[in-house]
Chemist: 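Take a look at this one; I'll ask things after.
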Amino acid sequence: MLTGDRPTGPLHIGHYVGSLRRRVELQNAGTFDRIFIFEADAQALTDNVDNPDKVRQNVIEVALDYLSVGLDPDKSTLFIQSQIPELCELSFYFMNMVTVSRLQRNPTVKTEIQMRGFSGESIPVGFFTYPISQAADITLFKATTVPVGEDQEPMLEQCREIVRRFNNIYGPTLVEPDILLPDNAACLRLPGTDGKAKMSKSLGNCIYLKDSADEVEKKVKSMFTDPDHLRINDPGKVEGNTVFTYLDAFCRPEHFPRYLPDYPNLDELKAHYRRGGLGDMKVKKFLAAVLQETLEPIRIRRAELEKDIPAVIEILRRGTEVAREAGAQTMSEVRRAMRIDYFEDQTFTAEQAAKFQQ
Ligand code: TRP
């Protein structure tokens, strides 16, 4: 299993329900031989070229988020993308297998080009080709399973195409990965606290894993609900109501006896809200309690980790070493398949010598 995140800011609860929580479960279930989790700092630089310090500052933030949610360096290899030169090497060969028009059709690239206001030919080549480098991220480690959000689906599809093309030309060498999407619809894309489509730092609508209890409380209190639910007795809408979306993502049955014993489960709470007579404040208080229960242990671990940053850096350094070894192994197989393993292949020396001895 392999996945990664761009270190452009601390991770938020959207990352948590969309991916981090599942990674920890998979790690602890021991389903996978090996787990690679990395910080895609080189990919982050594809659209932060003039802001290298932003990436540098967030490498440790994200590592702290990883470790505090329960990723365990003894079970998962945590590493930094830019420190694996084999990724560049593999990307370079993958570039021969993808056309410009195929990249232009990648829906993620398309929307990101629009979002960032690049027009026509003014797109930086590195940014435009990042799906290729992402295919290298995945295949260099022979990942079979890539847990990511649905927005990454086009990246995975493009990766699978590259693998098929490569294996077709050079013989079976690389592994076609499967995407592993979040299992709960509310977790696919957690909206921001303002009800906007996605949590994003620039919109200021995130709840971060590192937020204090007070900050979480405040953010929940000011959350977007149903704008037509003006009086308590008005019937309310649950769909598109951010508070309920978050409950769908975070709430478990045991939370009710603990924090809201008047209701047996989330369905009953929703039914009451729909009928009218249930105030936003009561639901928000419940959500705040549920979030605090989830986030408190994460905050406590983070505070411990922050006391020894050199140890965190050492974890990344060791993980990166392990990842490099795995990557070097795949690259040597790739070079053999591509017939460019001149110095490793004894028959090459013999065959070339013979050819010129005639
Ligand atoms: N594109 C991913 C994101 O923005 C990060 C990423 C880079 C990634 N390479 C990857 C995710 C390989 C999974 C596998 O979140």
Side-chain angles (χ1 to χ4, degrees), residues 1-23 26-27 32 34-48 54-55 58-59 61-63 65-66 71 76-84 86-88 90-91 94 103 106-113 115-116 126-163 174-182 187-190 198-202 206 319-320 323 326-327 330:
M1 175 191 127
L2 171 141
T3 191
D5 305 273
R6 297 180 180 203
T8 52
L11 302 181
H12 51 62
I13 63 172
H15 295 116
Y16 183 73
V17 292
S19 180
L20 294 171
R21 181 169 65 184
R22 172 80 80 90
R23 291 180 206 175
L26 292 171
Q27 166 195 273
F32 293 97
R34 312 189 69 176
I35 297 180
F36 292 99
I37 295 181
F38 71 99
E39 300 205 41
D41 63 331
Q43 186 177 103
L45 287 170
T46 62
D47 66 328
N48 284 286
K54 172 164 140 195
V55 174
N58 283 301
V59 164
E61 290 283 1
V62 170
D65 288 329
Y66 281 171
L71 291 175
S76 302
T77 302
L78 307 178
F79 70 97
I80 302 183
Q81 182 189 34
S82 63
Q83 306 307 299
I84 314 282
E86 287 79 5
L87 287 171
C88 298
L90 188 55
S91 302
F94 281 177
L103 281 171
N106 182 313
T108 308
V109 173
K110 245 187 185 160
T111 45
E112 288 192 0
I113 284 171
M115 253 165 47
R116 297 192 164 94
F127 176 76
F128 182 60
T129 56
Y130 93 75
I132 298 177
S133 116
Q134 187 155 336
D137 296 340
I138 296 166
T139 52
L140 188 71
F141 304 98
K142 300 206 170 153
T144 55
T145 309
V146 181
V148 281
E150 57 173 350
D151 60 316
Q152 296 295 307
E153 221 155 3
M155 297 296 158
L156 266 287
E157 196 38 52
Q158 182 129 40
C159 174
R160 293 163 61 87
E161 277 177 39
I162 292 172
V163 170
L174 300 174
V175 178
E176 247 185 84
D178 287 314
I179 192 168
L180 182 64
L181 291 168
C187 302
L188 274 173
R189 180 167 289 194
L190 201 70
K198 198 181 175 181
M199 280 202 181
S200 113
K201 198 163 51 200
S202 52
C206 302
T320 301
T330 304

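Whatever order the structure lists them in is the order used to number ligands and atoms, beginning at 1. We use all heavy atoms of the structure for the numbers below, so side chains are in, but hydrogens, waters and symmetry mates are not.
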Chemist: Show which atoms of ligand 1 fall inside a sub-4.0 Å distance from at least one heavy-atom site of Val148.
Modeler: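 Under 4.0 Å from Val148, ligand 1 has these atoms: 11 (C), 13 (C).
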Chemist: Counting only heavy atoms, which portion of Gln152 has something under 4.0 Å from ligand 1: side chain, backbone, both, or neither?
Modeler: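 Gln152 to ligand 1: side-chain contact only, backbone stays beyond 4.0 Å.
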Chemist: To the nearest 0.5 Å, what is the distance between CG (Leu90) and OG1 (Thr139)?
Modeler: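 If we round to the nearest 0.5 Å, Leu90:CG and Thr139:OG1 are 4.5 Å apart.
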Chemist: Just jot down the ligand 1 atoms closer than 4.0 angstrom to any heavy atom of Val146, in number order.
Modeler: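 Listed by number with element, the hits are 13 (C), 14 (C).
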Chemist: Counting from 1, what ligand 1 atoms have a heavy atom of Ala40 closer than 4.0 Å?
Modeler: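 Heavy-atom distances to Ala40 below 4.0 Å select 7 (C).
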Chemist: I want to know if ligand 1 touches Gln134 in the polar sense, i.e. an N/O pair below 3.5 angstrom.
Modeler: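 Yes, Gln134 has an N/O under 3.5 Å of an N/O on ligand 1.
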Chemist: Could you give me the CA-CA distance, side-chain angles and deciding distance for Gln83 and Thr320, then say whether side chain to side chain donor-acceptor pair (under 3.5 Å) is met?
Modeler: CA-CA 7 Å; Gln83 306 307 299; Thr320 301; over 6 Å; no
Chemist: Just jot down the ligand 1 atoms closer than 4.0 angstrom to any heavy atom of Arg6, in number order.
Modeler: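 So the answer, numbered in order with elements, is 4 (O).
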Chemist: Between the side chain of Gln81 and the main-chain N/O of Gln43, is any donor-acceptor distance below 3.5 Å?
Modeler: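 The answer is yes, because a donor-acceptor pair under 3.5 Å joins these two groups.
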Chemist: Parallel under 30°, tilted from 30 to 60°, perpendicular over 60°: which one fits the rings of Tyr130 and Phe127?
Modeler: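 Tilted: the ring planes of Tyr130 and Phe127 meet at 30° to 60°.
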Chemist: Indicate the ring-plane relationship of Phe141 and Phe36, choosing parallel, tilted or perpendicular according to the 30° and 60° boundaries.
Modeler: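 The arrangement is tilted - the two ring planes meet at 30° to 60°.
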Chemist: For residues Arg160 and Asp178, determine if any side-chain heavy atom of one lies less than 4.5 Å from a side-chain heavy atom of the other.
Modeler: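 Yes, close enough: below the 4.5 Å cut-off.
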Chemist: Any nitrogen or oxygen of Gln43, main chain or side chain, under 3.5 Å from a nitrogen or oxygen of ligand 1?
Modeler: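 So ligand 1 has an N or O lying under 3.5 Å from an N or O of Gln43.
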Chemist: Got an N/O contact under 3.5 Å between Asp137 and ligand 1?
Modeler: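 Yes: some nitrogen or oxygen of Asp137 is under 3.5 Å from one in ligand 1.
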